[in-house]
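One structure below.
All of these numbers come straight from a predicted model, not from anything done at the bench.
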Amino acid sequence: MQYDVSKITKNNLSINRSQIISVLGLYCFVLGTSLLGFSVYLFLESSGIVNEALISWSGQGLFWSFITLFVSIFVLFVPVEFFNEYFIENRSFRNLLTNVVSVIFVSLFFLVLFQILLRNQNVFVNEYLVIARAVSFSGFIAIPLVLFLFHNFGKNLSIINNYSYSLILIIWIISTQIFL
């Protein structure tokens, strides 16, 4: 019994570099956006517009809001400067499986990484951990469902084919807010 090599390679799940890079870019955009929102909240809390829940005095709030702002700007510029992939191809079933596997793998990797790195008793670092967990959990649950829906309805709607990256980014940000 002899196997044909071309059939074996066609049936395997092929993960190419551009799909993983685009998912990494999406993850960085969502994490940076969530940190930017947390920075705005800390600015509002230190200015007295919002009742103080995390800070004990306004200098502490300004300090942590600036740190969070700069961290979020750094995280937002990583995909722009290094990845430069802004398209998710989701037309075939193989692409769907590849995208779902890469989203779950990237979310799991960053969940474990942040659980290991952000072990501190500081209130603000714990909030960073909560934000990173929310981004990862929405990547586990919501984004594979969205990719599946886009795969099924993308053939009929041109807006899904043309703007799939932006739509997935917006849905990932909204689903992160649900997990917060």
Side-chain angles (χ1 to χ4, degrees), residues 17-88 99-147 150 163-180:
R17 181 182 175 274
S18 66
Q19 288 173 322
I20 292 178
I21 294 296
S22 63
V23 169
L24 276 171
L26 277 171
Y27 191 92
C28 288
F29 280 137
V30 173
L31 182 64
T33 304
S34 300
L35 288 173
L36 188 63
F38 183 59
S39 173
V40 169
Y41 174 77
L42 287 175
F43 274 124
L44 292 175
E45 193 172 313
S46 64
S47 65
I49 296 174
V50 178
N51 291 335
E52 294 180 0
L54 297 174
I55 64 172
S56 57
W57 58 291
S58 62
Q60 179 190 23
L62 285 174
F63 174 75
W64 281 102
S65 62
F66 278 119
I67 287 176
T68 309
L69 175 69
F70 294 136
V71 167
S72 69
I73 289 172
F74 175 75
V75 171
L76 285 171
F77 276 115
V78 166
V80 173
E81 292 296 324
F82 297 115
F83 299 153
N84 206 15
E85 292 283 337
Y86 306 111
F87 182 72
I88 290 186
N99 289 333
V100 167
V101 167
S102 60
V103 164
I104 290 173
F105 176 72
V106 167
S107 297
L108 179 66
F109 174 75
F110 281 113
L111 179 68
V112 170
L113 182 74
F114 287 131
Q115 289 290 102
I116 293 171
L117 289 180
L118 297 179
R119 291 179 149 190
N120 197 346
Q121 299 302 324
N122 190 345
V123 174
F124 301 100
V125 176
N126 286 335
E127 290 297 319
Y128 292 163
L129 184 62
V130 168
I131 290 170
R133 267 191 243 143
V135 172
S136 293
F137 286 142
S138 67
F140 284 139
I141 298 168
I143 301 307
L145 291 172
V146 168
L147 286 170
F150 281 5
Y163 302 107
S164 63
Y165 192 86
S166 302
L167 291 171
I168 291 172
L169 177 64
I170 290 169
I171 292 170
W172 201 336
I173 291 170
I174 292 169
S175 65
T176 299
Q177 298 304 312
I178 292 170
F179 282 100
L180 284 174

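The backbone N or O of Ser65 sits less than 3.5 Å from a side-chain atom of Ser39, completing a donor-acceptor pair. Judged by distance alone, with hydrogens and angles left aside, the side-chain atoms of Ser164 form a donor-acceptor pair with the main-chain N or O of Ile88 at under 3.5 Å. Under a 3.5 Å cut-off, the side chain of Ser102 and the backbone N or O of Asn99 do form a donor-acceptor pair. Judged by distance alone, the side chain of Ser107 and the main-chain N or O of Ile104 form no donor-acceptor pair under 3.5 Å.
Phe70 is not listed as a side-chain neighbour of Phe74, based on a closest heavy-atom distance of 4.5 Å or more. Tyr27 places a side-chain heavy atom less than 4.5 Å from the side chain of Ser136.
Ring geometry for Phe179 versus Phe137: interplanar angle of 30 to 60°, hence tilted. Relative orientation of the Trp64 and Phe124 rings is parallel, given thresholds of 30° and 60° on the angle between their planes.
Checking Thr68 against Tyr128 by side-chain atom types alone, a donor-acceptor pair falls below 3.5 Å.
The local environment of CZ in Phe140 is crowded, with over 12 non-hydrogen atoms from other residues, nucleotides or ligands closer than 6.0 Å. Counting heavy-atom neighbours within 6.0 Å of Phe82 CZ, excluding the residue itself, gives a total of 12 or less.
Residues Gly139 and Pro144 share a closest heavy-atom pair of O-CD, 3.1 Å. Of all heavy-atom pairs between Thr176 and Ser34, the closest is CG2-OG, 3.7 Å. In terms of heavy-atom proximity, Pro79 sits nearest to Gly25 at CB-CA, 3.7 Å.
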